[in-house]
Amino acid sequence: MVAGTALAAGGTQDWRKTGSANKKLEKLVEALPVASNIMIEMGERYKNLYWAAKLEKWEFAEYQAEEMEELIVKLKVTHPELRRTADEFLGGVYPRLPKAIKTRNWEKFTVAFEEMRTECMACHGKNEHGFITLPIPKKASSPVLDME
Ligand code: HEC
């Protein structure tokens, strides 16, 4: 035990192999994605969602909406300080967005998408990032949509 602790303290040691359980836990917490890591993916899915619906790839749109919900759940776990506003977002967007996608109706989808877009930006505003605004996406990057 003493030897383990001494090893973990060494700067060149690999904490994954020689760190104490506590050190490993501490490092794992440090290695959690920061909010902007999660949000970069969210931004990609936001664009893919819109264009999947526009191109009538409804199953892909459904999948994007599910993954976006999971990203918010991940945000809640990794960033407890965002839990309250994340729940407000989920309550304001889900399950309305997946329901609208299920209708396979562009008009209904755009209403739900607009509600979501507003809620995304509302959460940014509530968390001192109101300058992060989200226009309607002009294109999407997923190879599945093949828009180039
Ligand atoms: C729970 C609150 C919350 C919700 C909901 C939320 N965001 Fe964010 N978002 C943030 C925060 C906080 C940041 C700034 C992250 C940071 O500084 O670490 C951010 C940043 C971003 C960024 C900029 C990322 C970068 O670093 O360039 C994008 C893009 C983004 N969000 C997209 C979205 C989209 C799209 C939605 C809705 C589908 C959304 N966000 C919903 C809290 C939220």
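Residues: numbered from 1 along the sequence shown. Ligands are counted one by one from 1 in listed order, and the atoms in each one are counted from 1 as well.
Between Asn127 and ligand 1, not a single N/O pair is under 3.5 Å apart.
Ionic pairing of Glu70 and Lys74 is not present here: no N-O contact between side-chain nitrogen and carboxylate oxygen is shorter than 4.0 angstrom. Using a 4.0 Å cut-off between charged nitrogen and carboxylate oxygen, Arg45 and Glu66 do not count as a salt-bridge pair.
At least one heavy atom of Ile132 lies less than 4.0 angstrom from ligand 1.
Nearest-residue assignment for atom 34 (C) of ligand 1 (options Met42, Glu119, Glu41; heavy-atom criterion): Met42. Nearest-heavy-atom check against atom 29 (C) of ligand 1 across Met39, Met116, Met68, Arg117 picks out Met39. Closest to atom 3 (C) of ligand 1 by heavy atom, among Cys123, Pro137, Ser36, is Cys123. Taking all heavy atoms of Asp87, Ile40, Leu82, Ile38 into account, the minimum distance to atom 27 (O) of ligand 1 is reached by Ile40.
The protein atom (non-hydrogen) at minimum distance from atom 8 (Fe) of ligand 1 is His124 NE2, 2.0 Å.
Heavy-atom proximity to Leu75, at under 4.0 Å, picks out these atoms of ligand 1: 1 (C). When each atom of ligand 1 is checked for a heavy atom of Tyr46 under 4.0 Å away, the hits are 35 (C). Ligand 1 places these atoms under 4.0 Å from at least one heavy atom of Ile72: 5 (C).
No more than 12 heavy atoms of other residues, nucleotides or ligands sit less than 6.0 Å from atom NZ of Lys99.
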